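Just so it is clear, the model here is predicted, and its values are computed rather than measured. Whatever order the structure lists ligands and atoms in, that order sets their numbers, starting from 1.
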Amino acid sequence: MTGTNNKVYAAKSIVVKSRPKPGSGAKAEQRAVPRPAAKLYADVILPLKLGGRMTYAVPEGMECITRGTWVEVNLAGRIYYGVVDAFKEQAPGLDPLKIRPLISLPPLPAVSEKDLHFWRTLADYYMCSEGEVLKAAYPQNVRKQAEVKSRKTAGKKGAEAASSLPQLSAAQAKALAVAEEALSAKKTVLVNGVTGSGKTEIYMHLAMPRIEAGGQVLYLVPEIAMSRQLQERLESVFGDRLLAFHSKLTAPQKKKVLERLAEGGPCIVLGTRSAIFLPLSNLRMVIVDEEHDSSYKQDDPAPRYNGRDAALLLASQRGASVVLGSATPSYEALYNVAAGKYVQVDLLQRYHRSPEAKVKIIDTRKAMRLKDMKGSFSRELLADIRKTLEKGEQVLVFRSRRAYSPVVQCLQCGDIPKCPKCNVPLSYHKYNNTLECHYCGWHTPFDGTCKACGSAEMAPRGAGTEKLEEELREYFPEARVERFDAQTTESKTAEREMLTDFAEGRINILVGTQMITKGFDFANLALVAVVQADSLFSLQDFRADERALQLLVQLRGRAGRREASGRMVIQTCQPDHPVLKRLTGKADPEQGVIALAERRMFSYPPFVRLIVITVKERSEGRLWHIERDIRAILKECSVNSVLGPVRPPVEKVDNRLISQFWLKLPRNRSLALTKNILKVKLDALRLRYGAVDITVDVDPQ
Ligand code: ADP
Ligand code: ZN
Ligand code: ZN
């Protein structure tokens, strides 16, 4: 498959500056020195989607290069940094005169054989090119700037941290012992611990001996936001052996981490998913906290990898131990526990003795009937908020929709304005008086008149975070109410300020979206309120219930983390929803099993492996042809269990129609071959149709 791409690009080659002596010269050399083979041509991985692998000639004077060396090359008039993957004495099918030479050798530390192997496996698994993996591993800014200087820094302050590990409680010590035992039996450990049980302390105790033995530990968290408080805690234990790494670091900051890793010394790397690509030469353990979190998945661009699964793969290649942790383990993890592959370690007590927040469910249909609603809030919830504020404690109000109202509607003709480019209703934002599409960003000023009938009676329907904020300001004029969502935290400074203000008690009520649920520890937060919880249940997604439960458990964990136990109030018009039953512990203990059985019955993960092919296309006619061709390809690959083409709930975004194929593949068989053939055929299809947008998502979230 490389050969075809090579042909495409090699043909465009214009100038050849210097080239190795092809033909006889090479043979003569080979006869004289049989091993190692002459490095005449190099296969180079380039940060590209298609044709991410090209052949170049190795000019004289560059024979020192090895597999993994960074090289500068020219491709179709552009300069790229790539990585040498293999050497060849011949370049079959290519005109030797047209093969370009390597230009130069950038002073970047070579990629190790192990890392190259990892890239290859990831590319195969996620059905993308090695070039796309290279791009994820070394984003542009790093490739250009990570050139390691002569290392004067080595051996600088050998100052090691005062390794003061926290004393474990009896329950924690027991969990630690069980975990170590499982690890020595080469099992993956799943720490199933309620929020506040001290999973972090267990991780620290697991990491320390590995680091002291000279090893490296990778500690993954789903989002950067989570890592701030955690970073301080880890720093106090591991000192300068802690390295933090995530995609928002500046190039010089990343460079510093790479320099430290190049020294190869013991360390613990705290990072988000992209940290799996760091050159860890001595990896002993991988810790994946909040393993269930969907933010581990990279949706776009390729590689569409799940940081947790990629970390598992990395660990297995390196013989490193794996520790997963969660308060609400993913169904995948539970499945593996049931299959005996993972060992589950339970931590069911909070470290600070307070019990978990009590949950109260308020039925909004009933409240409505009794005229007990005031705007978006039931009087009961408002009374709870008032009591909390009177005690000097804080309140968090959660709503999954931002904007003032998710929809506006004309009271005369019933029209609901929709995005002209996507088939979704426009959200109304009052602060700047616009209607905005949350899918493509299209927006228009809102003048209150109906474009369909001209009436001036457009009314907001439903309440988003902005409306809740407005209502709460009205009901509690003496309180400071702020809102934490994608809009108010556009500026990172604003985001940080708001979090500090809330943590230090200067904000009384914080209204927020999903963004607020993760990893923050607010000591004085006593009440968490969820308004319109129903929107969490109604998603058209087989994982909706699993996600809703994870989110609610996480939110509950935010309430009353220390001495006093907190309270959680949920407003919903489905008070008997199974998710709420499970949250409040009123569910049959078999509920989790039943949910898994449903997945089995309808062939969903973890019982099958899911691959989703998505096509986005402007022209309906072309889409029809592409769909037909994909169906044919799937048949050729003997993929029989296919759902599709199907239109997703939002079937047009930014003027492009969306069509999907859901492939359900057996779990117990290796899919490597099927995937490989499928990838080659889809690549060919992409080329055939020109710039058609076809993406493949393996294990979508
Ligand atoms: P989790 O990650 O399971 O939600 P944390 O590790 O954040 O829980 O622990 C919750 C709180 O309890 C933190 O404030 C932590 O400092 C404290 N804690 C847990 N275990 C210990 C311990 N062994 N010694 C001191 N403090 C602890
Ligand atoms: Zn109208
Ligand atoms: Zn739109």
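- Within the set R233, H352, E201, the minimum heavy-atom distance to atom 19 (C) of ligand 1 is found for E201.
- Heavy-atom proximity to L168, at under 4.0 Å, picks out these atoms of ligand 1: 23 (N).
- For the 3.5 Å distance criterion, the side chains of S294 and R543 fail to qualify, holding no donor opposite an acceptor.
- Between E201 and R233 a salt bridge is recorded (basic side-chain N to carboxylate O distance below 4.0 Å).
- T434 and H443 form no side-chain donor-acceptor contact under 3.5 Å, judged by distance and modelled atom types alone.
- Contacts of V194 with ligand 1, taken as heavy-atom pairs under 4.0 Å, involve the backbone alone.
- Within the structure, the closest approach of G196 to ligand 1 falls below 4.0 Å when heavy atoms are considered.
- The distance criterion of under 3.5 Å between nitrogen or oxygen atoms is not met by P166 with respect to ligand 1.
- One finds an angle of 110° at the Zn ion (ligand 3) between SG on C419 and SG on C440, to the nearest 10 degrees.
- To the nearest 10 degrees, the angle centred on the Zn ion (ligand 2) between SG in C413 and SG in C410 reads 110°.
- Set against the non-hydrogen atoms of T200, the atoms of ligand 1 under 4.0 Å away are 2 (O), 5 (P), 6 (O), 7 (O).
- The distance from ligand 1 to the heavy atoms of Q167 drops below 4.0 Å at these ligand atoms: 22 (C), 23 (N), 24 (N).
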Worksheet item: What's the verdict on side chain to side chain donor-acceptor pair (under 3.5 Å) for R308 and S330, showing C-alpha distance, side-chain angles and the deciding distance?
Response: CA-CA 11 Å; R308 172 197 61 196; S330 63; 3.2 Å; yes

Worksheet item: What's the verdict on side chain to side chain contact (heavy atoms under 4.5 Å, CB included) for T614 and D697, showing C-alpha distance, side-chain angles and the deciding distance?
Response: CA-CA 8 Å; T614 304; D697 193 349; 5.9 Å; no

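- Contact check for L334 versus Q344: side-chain heavy atoms found under the 4.5 Å cut-off.
- Geometrically, ligand 1 and Y351 share a nitrogen or oxygen pair separated by less than 3.5 Å.
- Ligand-side atoms of ligand 1 in range of T195: 4 (O), range being under 4.0 angstrom from any heavy atom.
- Between E651 and N423, some side-chain heavy-atom pair lies under the 4.5 Å cut-off.
- Within the 4.5 Å cutoff, no side-chain heavy atoms of T695 are placed close to those of K616.
- Metal site remark for the Zn ion (ligand 3): C437 contributes an N, O or S atom at a distance under 2.8 Å.
- The proximity of Q172 to ligand 1, defined as any non-hydrogen pair under 4.0 Å, is limited to the side chain.
- Between the SG atom of C450 and the SG atom of C453, the angle centred on the Zn ion (ligand 2) amounts to 110° when rounded to 10°.
- E546 contributes a side-chain N or O that, together with a main-chain N or O of Y331, makes up a donor-acceptor pair within less than 3.5 Å.
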